[in-house]
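The next block holds one structure in the form of structure tokens; read it before the comments.
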Amino acid sequence: MVTRLSQLFVRTLRDDPADAEAESHRLLVRAGYIRRQAPGVFAWLPLGLKVRRKIEAIIREEMTNAGAQEVHFPALLPREPYEVTGRWTEYGDGIFRLKDRKGADYLLAPTHEEVFTLLVKDLYSSYKDLPLSIYQIQDKYRDEARPRAGLLRGREFSMKDAYSFDYTDAGLDISYQAQRDAYERIFARLGLDYVIVQADAGAMGGSRSEEFLHPTPIGEDTFVRSAGGYAANVEAFHTEPPTARSYEKLTPAEVLDTPDTPTIQTLVDVANEKHPRPDGRAWTAADTLKNIVLTLTHLDGSKELVVVGLPGDREVDLKRAEVAFAPAGVEPATAEELAANKGLVKGYIGPWSASGPVLGLEGSTKIRYVTDPRVSDGSGWITGANIHGKHVFGLVAGRDFVADGTVETADVLAGDPAPDGSGPVELARGMEIGHVFQLGRKYAEALGLKVLDENGKLVTVTMGSYGIGVTRILAVIAESNNDAKGLIWPKNVAPFDIHVIAATKEPEVYEAAEKLVAQLESERYDVLFDDRLKVSPGVKFGDAELIGVPVIVIVGKGVADGNVELWDRRTNERTPLPLDSLLTHLSTL
RNA sequence: CGGGGCGUAGCUCAGCUUGGUAGAGCGCUCGGUUUGGGACCGAGAGGCCGCAGGUUCGAAUCCUGUCGCCCCGACCA
């Protein structure tokens with residue numbers, strides 16, 4: 001069936017919607033693809049659904065190629081499985097919860113690890129049944145604190161989630177690689193630029209995790225990459241500690257007057273003025289050891305103060321600190337919390353004093369003290385002497401103080417060396433469009449998914465989970481494929497193959513257009529036909545540009561001489577073409 | 001949760017300062033004239049002015065409260 005614009009359920013808007021900021025959001029609403037129903041929740045109109053189905057089709061094909069089988073779970077699920085894995089609690093406000101008439105708890109699933117695991121447990125009990133990869137394309141629900149940018153971060157969104165089940169670690173590696181390869185094919189077919197970055201395995205447990213990020217300034221993730229091929233989410237970035245140095249030849253630490261130096265900059269200035277380095281080089285912020293007090297909130301609600309020591313030219317990156325201290329929450333300590341510990345001299349906090357350690361579980365404050373990897377054995381620092389107006393110079397890690405541990409909380413700066421030695425990194429923003437994850441045995445263990453192996457012994461299954469945000473991908477494609485006039489879909493996800501415009505009102509033009517459209521249809525092209533009789537050409541052109549089908553055929557007065565125009569939406573080129581060569585020409589596009 | 005902005009017709013907005021019968025453009029309906037870049041004329045339909053209190057003879061407008069939306073941040077497999 002040819003789709004006629006006169007019949008299509010759509011209304012394009014002349015003005016930009018006032019509540020849409022992101023390009024994709026603005027254009028998808030204006031061109032009549034989606035409509036907002038509630039914050040982060042959208043209705044899909046025919047145009048939007050068609051694009052969505054095309055993306056899904058590509059994903060399905062590649063899932064099949066990767067050996068995964070499609071299943072489908074409900075979005076509405078009971079509490080119990082999520083209770084067993086602890087996620088009913090862990091998700092906190094992040095999920096939609098509801099009760100049935102009997103008062104039983106349900107949730108709208110934010111992701112489906114639990115029930116996939118249980119279904120496999122239900123059906124399978126032998127190693128002979130593995131490996132198994134199954135997936136679904138299904139709507140997920142998360143009660144985001146702040147949904148934004150239309151489809152880019154919604155509270156209801158479509159996701160392809162796949163899960164692999166193996167009984168050996170080597171098997172998991174193979175299953176993981178199959179999904180990872182499929183993702184590369186999917187994003188290549190969608191024409192989506194992506195970077196695979198190492199991700200934080202963090203709270204989900206498991207060993208290996210990579211994110212597919214689409215580089216874009218409106219992305220929500222910051223990642224680093226080196227020219228030599230290293231790429232990681234900043235949260236997963238790992239600082240290679242400098243090799244330990246011998247401190248035999250180093251001079252002893254000395255406490256010096258540094259009045260009015262509550263900040264790193266004032267300290268550096270005073271140090272250079274009053275206590276210049278013996279070797280003539282100027283002190284810099286990187287020579288100072290800054291000690292930041294953080295408050296951790298543990299899962300049981302208890303609070304703990306912790307001090308992190310890091311080079312003075314670095315700030316604490318709270319996201320990295322969250323990862324470092326997970327599952328505890330991290331916040332900067334408040335002024336009250338600082339004041340409550342009289343061992344801490346604001347502005348002059350340090351691990352050491354002449355009378356013994358101050359910071360650290362063994363120190364006088366009994367506050368846990370952890371340091372940046374750069375604070376390696378043998379490194380010397382200027383740091384607070386725990387006396388107002390005094391700092392200690394040449395304080396050497398390993399000799400004068402020992403931290404309770406090493407922790408990555410410092411921000412990553414452009415130019416930092418990649419941990420694999422592939423050179424300095426640069427920072428960029430990206431939008432997460434896919435995530436592959438080796439879960440390991442966490443869920444199988446919690447839910448009791450075991451199979452009998454070759455020796456008749458029960459072994460716990462090891463799992464992977466693999467997600468692609470279908471609706472987010474659609475938005476990301478729209479985000480990077482548009483111009484001032486509207487959307488410009490890549491060919492393989494466009495809602496139609498060809499958009500035919502009857503550009504004048506002459507009956508001959510309409511007859512010719514009708515004939516052409518019928519012919520295109522018989523050639524299996526999916527055609528959108530702008531057959532609106534009383535609509536002026538300008539409006540038709542404008543709508544065609546907004547809707548963004550990449551190939552447009554204009555049927556106008558030229559048909560009298562057997563000519564039409566082929567309009568390339570992307571390049572904006574219009575090529576006059578004899579009608580009888582149009583089909584041949586289209587087949588080359 | 002913190003900061004900022006905004007709620008009036010399907011969409012974009014004016015009106016509010018200084019209280020007095022609800023407005024414009026686009027879209028929609030009918031008739032007519034138009035038709036290669038968002039045409040024109042005429043006639044219409046469409047609004048609990050977010051919601052609730054209050055002040056007032058009278059409230060879209062002033063006051064109080066409340067709900068919601070958008071943006072930034074925090075948060076976010």
Side-chain angles (χ1 to χ4, degrees), chain A residues 10-22 25-26 29-30 32 35-41 82 85 87 90-95 109-114 140-150 152-155 157 159 161-163 199-206 209-211 218 220-221 233 235 318-319 322 326 329-332 432 434-439 442-443 464-469 472 485-486 501-507 509-510 530 532-546 552 554-559 564-565 567 572 574 576:
Chain A
V10 69
R11 180 108 299 143
T12 57
L13 303 178
R14 183 165 295 208
D15 299 303
D16 281 330
D19 58 0
E21 193 85 351
H25 187 195
R26 216 190 83 222
V29 171
R30 186 136 96 89
R35 284 252 134 184
R36 197 190 79 99
Q37 300 300 296
V41 180
Y82 289 83
T85 56
R87 293 212 292 183
E90 265 172 45
Y91 259 106
D93 290 334
I95 49 174
T111 172
H112 281 76
E113 278 79 6
E114 283 83 352
K140 300 282 187 267
Y141 297 85
R142 295 188 194 170
D143 192 2
E144 296 287 349
R146 188 162 80 84
R148 52 178 290 273
L152 285 172
R153 176 165 294 282
R155 295 198 296 173
F157 58 98
M159 181 184 222
D161 47 326
Y163 304 85
D200 162 50
M204 288 281 285
S209 169
E210 290 169 294
E211 287 169 359
I218 66 161
E220 301 179 314
D221 289 285
N233 195 303
E235 286 149 60
L318 277 178
K319 284 189 172 184
E322 290 273 356
V330 182
E331 282 168 312
E432 182 180 351
H435 198 161
V436 288
F437 205 115
Q438 293 197 357
L439 291 174
K442 174 179 170 177
Y443 289 88
S465 90
Y466 317 94
I468 283 185
R472 175 180 282 184
K485 302 277 185 61
I501 296 175
T504 64
K505 61 162 186 178
E506 278 78 26
V509 167
Y510 272 81
D530 195 344
R532 294 174 296 178
L533 249 175
K534 297 196 169 173
V535 172
S536 71
V539 171
K540 291 181 177 177
F541 294 152
D543 278 345
E545 284 165 317
L546 235 196
I552 304 164
I554 306 171
V555 182
K557 285 186 176 128
V559 278
V564 294
E565 275 172 284
W567 183 12
N572 204 31
R574 292 191 190 186

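Computed from heavy atoms alone, side chains included, the values below leave out hydrogens, waters and symmetry copies. Each chain gets a letter, A, B and so on, in the order its sequence line appears, and its residues count up from 1.
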Quick one: label [X] by what it contacts on the DNA or RNA (base, sugar-phosphate, nothing), any heavy atom closer than 4.0 Å.
X: A/Leu533; value: base
X: A/Ala544; value: nothing
X: A/Glu211; value: nothing
X: A/Glu506; value: nothing

Need the pair for [N]. Rule: Watson-Crick or G-U wobble, both distances under 3.5 Å, any strand; none if unpaired.
N: B/U21; result: none
N: B/G27; result: none
N: B/C40; result: B/G32
N: B/U64; result: B/A52
N: B/A59; result: none
N: B/A14; result: none
N: B/G2; result: B/C72

Could you state the atom-to-atom distance from [atom1] of [X] to [atom2] of [N] in whole Å?
X: A/Asp15; N: B/A14; atom1: CG; atom2: P; value: 13 Å
X: A/Asp543; N: B/G27; atom1: CG; atom2: C1'; value: 12 Å
X: A/Arg36; N: B/C11; atom1: CZ; atom2: C1'; value: 14 Å
X: A/Arg30; N: B/C26; atom1: CZ; atom2: P; value: 16 Å
X: A/Ile501; N: B/U35; atom1: CD1; atom2: P; value: 18 Å
X: A/Lys505; N: B/U33; atom1: NZ; atom2: C1'; value: 9 Å
X: A/Arg35; N: B/G10; atom1: CZ; atom2: P; value: 11 Å
X: A/Leu13; N: B/G25; atom1: CG; atom2: C1'; value: 14 Å

Gap in Å between the two [atom1] atoms, one belonging to [N] and one to [M], rounded:
N: B/A22; M: B/U8; atom1: C1'; value: 9 Å
N: B/A60; M: B/U17; atom1: P; value: 12 Å
N: B/C40; M: B/G25; atom1: P; value: 11 Å
N: B/A39; M: B/A45; atom1: P; value: 25 Å
N: B/G54; M: B/A59; atom1: P; value: 12 Å
N: B/U66; M: B/G7; atom1: C1'; value: 14 Å

Polar side chain donor-acceptor pair, A/Asp161 to A/Tyr163, under 3.5 angstrom
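Short answer, yes.
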
Per A/Val539 side chain, nearest of listed nucleotides B/G27, B/G38, B/G36:
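Within the option list, the nearest is B/G38.
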
Quick check for you: among B/A39, B/C69, B/C26, whose closest atom lies nearest to any side-chain atom of A/Ser536?
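Between B/A39, B/C69, B/C26, the one nearest the side chain of A/Ser536 would be B/A39.
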
A/Arg14 side chain near B/G38 phosphate (N/O to OP1/OP2, under 4.0 Å):
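No, outside the criterion.
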
Looking at A/Lys557, I'd like to know whether one of its side-chain N or O atoms comes within less than 4.0 Å of OP1 or OP2 on B/G36.
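Yes, A/Lys557 has a side-chain N/O under 4.0 Å of OP1/OP2 on B/G36.
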
Any chance you could measure [X], atom [atom1], to [Y], atom [atom2], to the nearest 0.5 Å?
X: A/Glu565; Y: A/Ile501; atom1: CD; atom2: CD1; answer: 10.0 Å
X: A/Phe437; Y: A/Glu210; atom1: CZ; atom2: CD; answer: 11.5 Å
X: A/Glu432; Y: A/Arg472; atom1: CD; atom2: CZ; answer: 6.5 Å

Pairing of A/Arg87 and A/Glu113 as salt bridge, 4.0 angstrom limit
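The answer is yes: the pair qualifies as a salt bridge.
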
Does a salt bridge link A/Asp543 with A/Arg532, judged by any charged N lying under 4.0 Å from a carboxylate O?
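Judged by the 4.0 Å cut-off on N to carboxylate O distance, A/Asp543 and A/Arg532 do form a salt bridge.
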
Closest-nucleotide ordering on RNA chain B, the 5'-leading residue of A/Glu432 and A/Asn572
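Counting from the 5' end, the first nearest nucleotide belongs to A/Asn572.
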
Pick the closest RNA chain B nucleotide for A/Lys534 and for A/His25 by heavy atoms, then say which residue is nearer the 5' end.
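Counting from the 5' end, the first nearest nucleotide belongs to A/Lys534.
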
Can you give me the closest heavy-atom contact between A/Leu13 and A/Arg35, atom names plus distance?
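The answer is CD1-NH2, 3.5 Å.
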
Suppose we call a contact any N or O donor and acceptor under 3.5 Å apart; does that hold for the side chain of A/Arg153 and the base of B/C76?
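Present.
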
